[in-house]
Amino acid sequence: MQFKREEKNRASFLDNLNEAQRAAVEFCDGPSLVIAGAGSGKTRVLTYKIAWLLEQGLPPYYLLALTFTNKAAREMKSRIAELVGEKQARRLWMGTFHSIFSRILRNEAEAIGFQSNFTIFDATDSKNLIKLIIRELELNDKQYRPGTVHNQISNAKNRLITPSMYAANSEIIDNDRQARLPAISEIYSSYQQRLRAANSMDFDDLLLYTNILFRDHAEILERYRNQFQFILVDEYQDTNFAQHLIVTQLAEKHHRVCVVGDDAQSIYSFRGANIDNILNFKTNYPETRVFKLEQNYRSTQNIVNAANSLIKKNSEQIFKEIFSTNDVGEKIEVKSAFSDFEEGLIVANKISRMRMEKHSPYSDFAILYRTNAQSRIFEEALRKNNIPYRIYGGLSFYQRKEIKDVISYFRMIVNPNDEEAFRRIINYPSRGIGDVTVGKITHAAQRQQVSLWQVVAAPASYSLNVNAGTARKIEAFHTLISSFIEQNKSLNAFELAQEVIRRSGIAAEAYEDMTPEGMSRTQNIQELLNAMSEFASTRQEQGEENRLADFLSEVSLLTDQDTDSEAENEKVTLMTVHAAKGLEFRHVFVVGMEEELFPYAMARTGMRGLEEERRLFYVAITRARESCTITYAKSRFRNGQINPARKSRFLKDIDPTYLNMDRQTAADLPQSAETDDFWGSMRRNRLEKERSITPKKRAAPLQQTYSSIPLSKEAKELQEGDIIEHERFGRGVVTAIEMGGSDRRAFVDFESAGKKQLLLKFARFTIVGRSG
DNA sequence: TAACACTTGTTTTTT
DNA sequence: ACAAGTGTTA
């Protein structure tokens, strides 16, 4: 009796959970998989489970909790702190894969041949270095686009394929050859060497090297295995192979691992996420207990039912029946607009109206789109209507040029071998060291297998051949950085940052620049200093390290999602659907529901891609608590032209019972690309034009729509049966030419690259003959 | 070296 | 349409 009461008191917070949630929280003797439908209280389960484990007496530093974003980690930590106290919460090993394992890698750096002060390359740094290597190898950088190459390397790393494995894998090498990119293997290996020489890692390396560390050092793996008695992973559907293997390795002994996720919300396969990780979890651990959270507490029944009917169209999924006992709610309204411009107005107007009618503050509204480029049109419409908004995504604060430049100084101070940082600041602010000199330094460094910094530190011993004036400038740069390194021994992050800004000449340059852009740059730098000041003082208060290296390792892994420090009240949220994952809003607008845009044209290849796009749409709809509005436009400004647009095929995947679509919209010609050819859309647009009440307004864009796009002579003359030589795909036979939308496309069967569709206004090729 | 004009490609989502 | 990259000039 007494025992029971005690038990009940101890875990009284469990009363806030439903049966399934509670069962998931209380099970901790083996592997478990929590399938958490949208809005089913997943975060609550995770936080309560952690609190529960701590109450059971598990010391916080024995618990490893991995999340997808820093923001999720922060939020969860603070909610746990509310349950079990700040002191315990702070000692949890909780964060993103990248932040947790960079911490571990710094501790164990020696074992894998790095120094613990290694710096982290972001995607821009990686691409810059790759571009440099491509040039050094004298490859054509039109053919080898840094982005493409980086993608390929990133994919390899996510599958734990090292440069030597890459080179030895005939399948991959064949593929690269087919794609006419046979040198990727060489670029990859060179890239990896350069990163190592720079004592730097890119994002993917943090996972790759963790795996290498665990593979090659059994004793280290053993230590972490023992430490992490319980492992929790959030958003498991979005883990890639590298992440999956880390978890598997750490959990191998005790099998106390709980993964939480929703296969229906897997939307990151482009980044290597493998939905099979969650689908096959049970196979991995046969004794797995599966808990399904199927009650949606977030949304109205209509929204839940509509989303269910949509996701049913996907083939691969774990069975579950998500339901809501909330109000039935309004149907999802589907609205069509004549143009993207009008779409913006419709949304802005509806927000204004709903705000009054429903007494909703602006912060209750979100506009979700597929691509960041769509934000502009909504910005304009909202501004015109005096509606305050906040855009998430796009360029993050830490990716702005001026911030990256300042941060590059920090990187040089912490890790002078950092090649990218060196390149950014060697002539910033300009100190008369140009490309030629940097080229010479690079060359010397390459020749003697040292870093750029080492050459600059001892030009003579690496026989750097520059004139006396340049030598003096290099010496001055070396002295400057050296003195910062010296000061770094005594100053905290903020103090040192002030020194850097002042003595490097950044401050002088910034204050001189009175152009609006210049002032905004100065402001951003000031903002960075403020952030550092805050960092230094809070860290100090908590008795933690507040040196430059600590600041740097923290911000290297931050993204825009994490920078929303100010309380953004009374503003409409604009973001991509990806960025909205995990969030909820009372009123959601899902915009641009058009073929080629959503599903996105490039992501549409194959079933797999299409299903992921459908899941993305599912994520978008399930962000809504009370109302959801879907819009699309019949013409859209894209790449400098107005293009006709068709409503998305996904709209017919939703059970019409849950939709509110006016007759006109419902009758809009839908999706079948085969019948919806150029002439069909031309006729429809003509009709609309004639019916139009404000022909003047519409005349201009329509004219542009069909104005002739200048085609190359080759493209004009091209006909079926021609044999062409394409810049990238090689030789092929034209099997058909057709008008798709407003563009002429050629269907070509290439000898090595297979069947491709080419947009004639973009394609670059020559006609080399005709086939029989 | 830096400022400018011209050309080119672009076309997803992001830890 | 626009941004980024290239080439030309002072």
Side-chain angles (χ1 to χ4, degrees), chain A residues 66-73 95-102 120-124 126-128 131 135 141-142 145-148 150-151 154 157-158 202-207 234-235 238-240 242-243 266-273 368-377 392-396 398-399 401 427-438 470 473 556-562 575-581 592 596-605 609 612-613 615-617 619-620 636-643 704 727-728 743 759 761-764:
Chain A
L66 298 164
T67 61
F68 196 63
T69 62
N70 294 299
K71 196 176 167 194
T96 61
F97 274 92
H98 292 86
S99 70
I100 293 287
F101 293 109
S102 71
I120 296 170
F121 274 33
D122 69 12
T124 314
S126 298
K127 276 184 263 182
N128 284 342
K131 189 198 264 169
R135 291 200 178 152
D141 60 359
K142 300 260 154 57
R145 297 222 298 296
T148 314
H150 180 234
N151 246 336
S154 174
K157 288 185 176 180
N158 287 333
D202 69 13
F203 273 138
D204 305 310
D205 281 341
L206 297 173
L207 306 176
D234 190 13
E235 308 280 17
D238 286 325
T239 53
N240 59 37
Q243 293 166 322
S266 158
I267 54 174
Y268 280 100
S269 75
F270 68 93
R271 224 172 54 196
L368 308 182
Y369 35 75
R370 177 68 239 268
T371 65
N372 276 310
Q374 287 164 264
S375 69
R376 267 188 100 151
I377 202 104
Y392 292 77
L395 208 41
S396 97
Y398 290 101
Q399 300 202 32
K401 188 189 170 300
N427 199 32
Y428 170 81
S430 30
R431 47 175 70 88
I433 305 176
D435 290 346
V436 177
T437 308
V438 175
T470 309
K473 291 172 189 163
S556 306
L557 296 169
L558 286 187
T559 61
D560 189 50
Q561 310 291 305
D562 305 312
M575 55 169 60
T576 62
V577 182
H578 281 91
K581 197 178 72 163
E596 314 272 286
L597 187 59
F598 206 157
Y600 194 78
M602 288 181 137
R604 222 182 31 189
T605 47
E612 175 148 321
E613 291 285 300
R615 289 194 294 270
L616 194 56
F617 188 26
V619 168
R636 180 168 296 276
F637 205 83
R638 244 180 138 184
N639 316 323
Q641 282 187 72
I642 293 182
N643 292 306
Q704 278 177 41
E727 201 176 80
R728 219 143 44 82
D743 301 319
L759 273 186
K761 67 176 167 177
F762 292 136
R764 295 169 66 94

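Here is how names work: the chains are called A, B, and so on, in the same order as the sequence lines, proteins then strands, and each is numbered from 1.
For A:R271 against B:dT13, a side-chain-to-base donor-acceptor contact under 3.5 Å is absent.
Taking atom CZ of A:R376 as the reference point, atom P of C:dA1 lies 11 Å away to the nearest angstrom. Taking atom CZ on A:F598 and atom C1' on B:dT13, their separation rounds to 10 Å, with Å as the unit. Between the CD1 atom of A:I377 and the C1' atom of C:dC2 there is a distance of 15 Å, rounded to whole Å. Counting to the nearest Å, the P atom of C:dC2 and the CD1 atom of A:I642 are 13 Å from each other. Whole-Å rounding puts the A:Y428 OH to B:dT1 C1' distance at 17 Å. The CD-P distance, from A:Q399 to B:dT14, rounds to 11 Å in whole Å. Distance, A:E613 CD to B:dT11 C1': 13 Å, rounded to whole Å. What separates CG of A:D202 from C1' of B:dT14 is a distance of 14 Å, to the nearest Å.
The residue A:F270 sits close to a base: some heavy atom pair falls under 4.0 Å. Within the nucleic acid shown, A:D238 has no heavy atom closer than 4.0 Å to any nucleic acid atom. Here A:R636 lies out of heavy-atom contact (under 4.0 Å) with every strand. Residue contacts for A:L597: at a heavy-atom cut-off of 4.0 Å it reaches no nucleic acid atom on any strand shown. Contact annotation for A:F97: no contact, since no heavy-atom pair falls under 4.0 Å across all strands. Residue A:N372 is in sugar-phosphate contact alone, with no base atom involved, counting any heavy-atom pair closer than 4.0 Å across all strands shown.
Taking every side-chain heavy atom of A:T371 into account, B:dT13 is the closest of B:dT15, B:dT1, B:dT13. Side chain of A:K131, nearest nucleotide from B:dT11, B:dT15, C:dG5: C:dG5. Here the nucleotide nearest the side chain of A:R145, chosen from B:dT10, B:dT11, C:dA1, is B:dT10. The A:S430 side chain lies nearest to B:dA2 when the options are B:dT12, B:dA2, C:dC2. Relative to the side chain of A:T69, the nucleotides B:dT15, B:dT12, C:dG5 differ in distance, and B:dT15 lies closest.
With a 4.5 Å cut-off on side-chain heavy atoms, A:K473 and A:T437 do not count as touching. Counting heavy atoms from C-beta on, the side chains of A:Y369 and A:T576 come closer than 4.5 Å. Residues A:T239 and A:F97 meet the side-chain proximity criterion, which asks for heavy atoms closer than 4.5 Å.
For A:L557 against A:S102, the heavy-atom pair with the smallest separation is CD1-OG, 3.6 Å.
Rounded to the nearest Å, the gap between the C1' atom of C:dT6 and that of B:dT11 is 22 Å. Atom name C1', nucleotides C:dG5 and B:dT12: the rounded distance is 22 Å, in whole Å.
Taking 4.0 angstrom as the limit, A:T576 places a side-chain polar atom (N or O) nearer than this to OP1 or OP2 of B:dT14. Note on A:N158: every side-chain N or O is 4.0 Å or more away from OP1 and OP2 of B:dT15. Not one side-chain nitrogen or oxygen of A:K581 sits closer than 4.0 Å to the OP1 or OP2 atom of B:dT13.
Separation of the A:F270 and A:Y268 ring centroids falls under the 6.0 Å cut-off.
The base-pairing partner of B:dT11, taking Watson-Crick or G-U wobble contacts with both distances under 3.5 Å, does not exist among the strands shown.
A donor-acceptor distance shorter than 3.5 angstrom exists from the side chain of A:N240 to the backbone of A:Q243, with no hydrogens or angles considered.
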